[in-house]
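Position 1 is the first residue of the sequence; numbering continues from there.
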Amino acid sequence: PVDRSPVIAANSSASAAYLALKANDGWGIMFETEASALTQSLLSDYGNYSTGLLAAFHHEPIKMNRVRDKIRFEIENPRLALALTCTKGQLPKLFPTFEDGFANRFLFYGLNRKLVWINPFKQIDKPLDEIYEELGQKSLELYHLMKALGDRRIQFLLTGEQIAQFNDFFSELLMEQFAMLGDGISSFIFRLGLSTFRISMTLALLRRYSEWDRTKPFFEPDEQAMVCGEKDFRIAMTIMNTLVNHTATIYADLAKDDEGADKSKELSKLQPTERRLFEALSDTFTSEEARNTAITLGINPETARGYTSHFVKYKVALRIKNGVYQKV
């Protein structure tokens with residue numbers, strides 16, 4: 001039988017990540033305490049499944065066709081949750097550019113370290129494993145309640161007044177952030193709007209579950225729509241108002257680093273053989289061209305594969321799409 005798990009390792013090849021998602025009926029979770037696990041995969045040719053991550057955010061189809069491995073399939077409606085923690089220094093490696101739309105699909109929240117010693121021997125009433133187990137049981141019940149709907153669809157709606165508040169907030173926010181940070185922040189604001197709607201929907205569903213009278217159906221037989229409560233809408237907007245500030249701060253820092261980077265300094269990080277290969281390549285090149293050029297220069301072609309990853313790592317080249325690179 002096919003191995004199925006809702007948790008997909010970020011440190012996976014593209015084929016392995018997509019196959020795991022496919023085996024689990026198109027949905028899954030990536031949860032890593034070190035963002036570098038994802039960064040290293042995306043830097044490699046075999047593990048660069050960034051196009052799948054881009055598509056999954058909007059539930060757009062993911063298609064794969066591999067002649068060598070005889071793999072061919074399509075995930076029509078991918079649903080993927082991706083949660084990462086990392087230090088601020090890891091972000092430039094994960095998001096070397098803002099042009100590909102990858103960074104603006106994330107919600108950012110930065111924590112400042114508090115200079116406080118935490119007692120590692122503090123007694124707790126209940127182990128964390130038991131707390132997570134209880135939360136898991138509740139999540140499992142809610143999952144089965146929604147799964148029981150089958151092909152039935154419940155529409156989630158905002159009220160007319162909520163829609164007006166939503167549009168006013170993001171219209172003003174777009175102009176405000178554009179004035180401070182330029183056009184690059186605009187795509188972040190657009191997707192923050194979509195995330196606000198999703199957060200509202202999730203909160204409304206959780207509230208229904210917490211207040212559910214188990215003597216009645218979770219959804220009435222003739223119920224076709226669920227309207228967002230005012231409290232859940234206000235919570236979602238408050239959350240987003242906080243996340244906007246964190247996003248703008250991180251964007252400003254990364255954009256400043258990106259614009260002010262000394263490319264000659266980055267080139268100096270390359271080894272002499274890497275530098276020789278880099279200078280011999282055209283402004284836009286493919287993995288195959290890098291391999292052929294390496295052979296011409298007497299460089300091991302398998303070693304050259306690692307060199308292309310270093311070009312991206314040191315920001316002297318950008319990965320435009322899988323197997324295609326452009327010099328900075």
I'd like to know whether [atom1] of [X] has more than 12 heavy-atom contacts from other residues, nucleotides or ligands below 6.0 angstrom.
{"X": "R214", "atom1": "CZ", "answer": "yes"}
{"X": "R152", "atom1": "CZ", "answer": "yes"}
{"X": "D151", "atom1": "CG", "answer": "no"}
{"X": "E220", "atom1": "CD", "answer": "yes"}

Check: Would you say L174 and F190 make side-chain contact, with heavy atoms under 4.5 Å?
Finding: yes

[X] with [Y], same ILVMFWY side-chain cluster at under 4.5 Å:
{"X": "V7", "Y": "L84", "value": "no"}
{"X": "F178", "Y": "L254", "value": "no"}
{"X": "L107", "Y": "F31", "value": "no"}
{"X": "L206", "Y": "M226", "value": "yes"}
{"X": "W212", "Y": "L142", "value": "yes"}

How many angstroms lie between [atom1] in [X] and [atom2] in [Y], if you round to the nearest 0.5 Å?
{"X": "L205", "Y": "F156", "atom1": "CG", "atom2": "CZ", "answer": "9.5 Å"}
{"X": "I235", "Y": "L203", "atom1": "CD1", "atom2": "CG", "answer": "6.0 Å"}
{"X": "I189", "Y": "L181", "atom1": "CD1", "atom2": "CG", "answer": "8.5 Å"}
{"X": "L157", "Y": "I163", "atom1": "CG", "atom2": "CD1", "answer": "8.0 Å"}
{"X": "C228", "Y": "F197", "atom1": "SG", "atom2": "CZ", "answer": "8.5 Å"}
{"X": "T296", "Y": "R291", "atom1": "OG1", "atom2": "CZ", "answer": "11.5 Å"}

Under 6.0 Å between the ring centres of [X] and [Y]?
{"X": "F311", "Y": "Y325", "answer": "no"}
{"X": "F166", "Y": "F233", "answer": "no"}
{"X": "H246", "Y": "F108", "answer": "no"}

Judged by atom type as modelled, is there a donor-acceptor pair below 3.5 Å linking the side chain of [X] to the main-chain atoms of [Y]?
{"X": "R4", "Y": "A23", "value": "yes"}
{"X": "E289", "Y": "T286", "value": "yes"}
{"X": "Y209", "Y": "S139", "value": "no"}
{"X": "N245", "Y": "N241", "value": "yes"}
{"X": "S41", "Y": "A10", "value": "yes"}
{"X": "T33", "Y": "T85", "value": "no"}
{"X": "K22", "Y": "E74", "value": "yes"}
{"X": "E32", "Y": "L38", "value": "no"}
{"X": "S171", "Y": "D168", "value": "no"}

Notebook entry, point to check: Can F57 and R191 be said to form a side-chain contact (heavy atoms from CB on, under 4.5 Å), step by step?
Noted result: CA-CA 10 Å; F57 181 84; R191 290 200 166 96; 3.6 Å; yes

Item checked: F73 and Y18 aromatic ring geometry - parallel, tilted or perpendicular at 30°/60° bounds -> perpendicular

Minimum heavy-atom distance [X]-[Y], with the two atoms named:
{"X": "A204", "Y": "D232", "result": "CA-OD2, 3.6 Å"}
{"X": "A248", "Y": "Q177", "result": "CB-OE1, 3.4 Å"}
{"X": "I62", "Y": "A55", "result": "CG1-CB, 4.1 Å"}
{"X": "C86", "Y": "A35", "result": "CB-CB, 3.5 Å"}

Next item on the list: Begin from the C-alpha positions of D253 and K88 and carry the test side-chain contact (heavy atoms from CB on, under 4.5 Å) through to its verdict.
Entry: CA-CA 10 Å; D253 289 342; K88 189 176 179 181; 2.5 Å; yes

Notebook entry, point to check: Can a salt bridge be assigned to the pair R275 and E279 using a cut-off of 4.0 Å between side-chain N and carboxylate O?
Noted result: yes

Next item on the list: For the pair F98 and I185, evaluate side-chain contact (heavy atoms from CB on, under 4.5 Å) and give the outcome as yes or no after the intermediate values.
Entry: CA-CA 9 Å; F98 293 139; I185 193 67; over 6 Å; no

Next item on the list: Apply the test side-chain hydrogen bond (donor to acceptor under 3.5 Å, both in side chains) to residues Q137 and E133: give CA-CA distance (whole Å), side-chain angles for both, the deciding distance (0.1 Å), then the verdict.
Entry: CA-CA 6 Å; Q137 291 298 332; E133 180 69 23; 3.1 Å; yes

Check: Do K327 and F278 meet the cation-pi criteria used here (NZ or CZ under 6.0 Å from the six-membered ring centre, within 45° of the axis)?
Finding: yes

Next item on the list: Decide yes or no on salt bridge (Lys or Arg N to Asp or Glu O under 4.0 Å) for R208 and E223, but give the supporting numbers first.
Entry: CA-CA 14 Å; R208 174 179 285 238; E223 191 171 1; 2.7 Å; yes

